[in-house]
Amino acid sequence: MSRESTGTGSNGGGSSDPVSTHDSRLSTLDSLNAPRALSERVIAAVLFACGMVSIFTTLGIVVVLVKESAGFFSEVSLGQFLGDTQWTPLFTDKHFGIWPLLAGTLLTTAIAVAVALPLGLLAAIYLAEFAPERARKVLKPTLEVLAGIPTVVYGYFALVYITPLLQKFVPGLAGFNALGPGIVMGVMILPVIASLSEDAIYAVPASLREAAYALGAGRLRTVFRVVLPSAFSGIGAAVILGVSRAIGETMIVAIAAGQQARLTADPRSPIETMTAYIVQISLGDTPTGTLEYRTIFAVGLALFLLTLALNAVAFRLRRRVLKGGAL
Amino acid sequence: MAPEENGTRRSFTSGAGLERAARAADATAAPPDAKMAAHDLHAWFGTNEALKGITLSIPEKRVTAIIGPSGCGKSTFVRCLNRMHEVVPGARVRGRVTLDGQDIYASGVNPVRVRRRVGMVFQKPNPFPAMSIQENVLAGLRLSGEHAPDPAGTAEKALRQAALWDEVKDILKRSGSSLSGGQQQRLCIARALALEPEVLLMDEPCSALDPIATARIEELIHELRERYTIAIVTHNMQQAARVADFTAFFYQGELVEVDRTDVLFTHPSNRKTEDYITGRFG
């Protein structure tokens, strides 16, 4: 008892009459407290470990990428990697220029964004600003179903349906090409852009729309001059997420774009993206540990740096908007 | 509520109160013309009738306060004066509202034209976050597709009228949301004034502000009454007593009483008004 009372003394507990009741209550609390603190510490440790798993996984991936890439770059100079315009690691005459693969990735991504950005944004504007509540409740989940379609299905859709269809209108369109898979990839990222943009537009406070109406603005001007700029951060994040999905997309381009690394901006010809090349090597009969095998780590590292840069842009964009700076 | 009653009474014995009371007395000597008037105005949200036949005049170049407990329809009433009520889904209006004798609900009247002549300031300051201070002031012109011939001059004039110019003249390019709450509200007032409206509706413009910012807005209302017809909704009876020439008391969607502010607060003719201003309910 006496030891406990000195313990409470520092808490400023009364040292006069009600000392005894005070102390007994505190001692009960202490006895309840001890095991809880222990279990809390255990839970905190478990949660910490769970958090660390994802961090260590990421670090592990980076380490493997860098290590294997270092092996690659010990045989092929960085100058060749960035300076050569041909990518032919599997040929007798080997060239290791990344540009054809990068061009393939950028070309299909650009086509996908050209399809998904206007369609997605307009769909989002319709859903958030013009659609009756009942239509919105049906249309939005329907749109999101598109995101659930396996990409291999999209890939075959591009190969056996879209490309033959396009060949009727586009002269010189090869059986494997960048255009068909690019368009289909646009459809694939459409729900990402539309749904996230719609969330951003819908979240713009009604008070801003009211302010615009009260100033004599019509509905269209209110949407395009007030609501969309206010939702800029969310729309920007949606678009960048869609772009990184397109850059990382593998199945559609592996199936329908041709697997021919070619430095071109012509969407009608067969091309190969960075992801499709990695698939090609991973599935093929390239022996592990060879230079050809190591190329996929160098390409993977380049891909990683590309998406990292994109995420950094998105992060800075978001921070600038969150700070409340004028755009 | 007793201190509030005392506060109300006290404000009438102060210098400003007397001066205002005298001015209001002048007003009765020659009653001002009605700038706006509602005739048997009904308004609904869905099936809920928020206004049950209001007939009330808003005198020209005077401040009219509308008081009453929450849900009495005072905000709905001012939103009917610039056709903002119908912006809410499911909202309906019946009756007549005239602006200079012309019915703003007549068929063929463009609500956009009405809102250009009858400006509005909202309860919560709502500057456009994606626009700079200057762009905010000019937003009304830009949003109605007009080209301001002298944007800087127009913005300065409106900001001076809203007593904000000295505080923001060096930071016009900064975002409107970087200002304090009181400054944001004056920015919203400047934004409304830039359109040179004839009537200014204020829907509890100080309810989100601290007492100092509130005092600045009230000072501003005193200055603006020289040029504009003002209708202000307020929860705060001292505020009505301080700024308004006329006060209307709304209760459950009906107009109970309207009179010169000093008369309404000292000799209300209706029992419900008296109960409300003495704090017996509401």
Side-chain angles (χ1 to χ4, degrees), chain A residues 121 124-137 139 197 199-239 316-327, chain B residues 78-79 81-90 110-146 171-179 187-188 191-195 197 200-201 203 208:
Chain A
L121 204 52
I125 291 168
Y126 170 72
L127 285 176
E129 295 290 323
F130 296 96
E133 193 58 30
R134 225 178 297 163
R136 184 174 176 267
K137 274 191 185 138
L139 286 174
S197 300
D199 288 342
I201 294 169
Y202 200 69
V204 171
S207 65
L208 294 182
R209 293 184 183 84
E210 288 214 314
Y213 290 140
L215 290 168
R219 205 163 177 190
L220 275 180
R221 281 213 175 86
T222 301
V223 170
F224 284 99
R225 304 263 179 100
V226 172
V227 177
L228 285 190
S230 305
F232 182 80
S233 62
I235 293 172
V239 171
R316 293 189 71 173
L317 192 78
R318 255 192 64 194
R319 202 178 48 176
R320 200 175 69 181
V321 174
L322 287 179
K323 264 194 199 160
L327 298 170
Chain B
V78 293
R79 290 171 64 93
L81 297 183
N82 67 343
R83 297 196 56 172
M84 280 296 286
H85 177 63
E86 66 208 52
V87 169
V88 181
N110 183 353
V112 166
R113 299 298 308 162
V114 173
R115 291 174 200 148
R116 290 293 304 270
R117 291 174 66 191
V118 185
M120 186 161 208
V121 176
F122 295 85
Q123 190 167 347
K124 224 181 111 219
N126 52 2
F128 299 126
M131 295 185 193
S132 71
I133 291 172
Q134 175 157 334
E135 285 168 342
N136 258 287
V137 179
L138 300 172
L141 295 170
R142 300 250 164 91
L143 284 171
S144 43
E146 276 172 48
I171 52 168
L172 290 172
K173 295 276 176 282
R174 213 179 281 175
S175 164
S177 42
S178 64
L179 298 174
L187 178 61
C188 293
R191 186 173 64 186
L193 296 180
L195 289 170
L200 193 58
L201 308 174
D203 186 359

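Source: prediction; values computed, not measured. Chain letters run A, B, ... following the sequence lines, proteins first, then strands; residues in each count from 1.
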**Study point:** Options A:Ala217, A:Ala212, A:Ala214, ranked by heavy-atom pairs under 4.5 Å with chain B, top entry
**Key:** A:Ala214
By a 4.5 Å heavy-atom criterion (distance strictly below it), what part of [X] contacts chain A: side chain, backbone, both, or neither?
{"X": "B:Phe128", "value": "both"}
{"X": "B:Arg142", "value": "both"}
{"X": "B:Pro197", "value": "neither"}

Study note, to complete from the structure: residues 126-137 of chain A vs chain B, non-hydrogen distance cutoff under 4.5 Å, contacting residues -> none
Point to revise | Selection from B:Pro89, B:Ser144, B:Gly119 maximising heavy-atom pairs under 4.5 Å formed with chain A | key: B:Ser144
**Study point:** Pairs of heavy atoms under 4.5 Å with chain A: top-ranked of B:Arg113, B:Met120, B:Arg79
**Key:** B:Arg79
Check your understanding: Are the side chains of A:Val226 and B:Met131 in touch, meaning some heavy atoms are under 4.5 Å apart?
Key -> yes
Practice item. Answer yes or no: is there a side-chain heavy-atom contact under 4.5 Å between B:Pro111 and B:Val87? Key: no
**Study point:** Considering all heavy atoms, the nearest B:Gly140-B:Leu195 contact
**Key:** C-CD2, 3.6 Å
Revision key, fill the gap. Closest non-hydrogen atoms of B:Ala192 and A:Leu215, given as atom of the first, atom of the second and distance, are CA-CD2, 4.3 Å
Check your understanding: Between B:Arg191 and B:Asn126, is any side-chain donor less than 3.5 angstrom from a side-chain acceptor?
Key -> yes
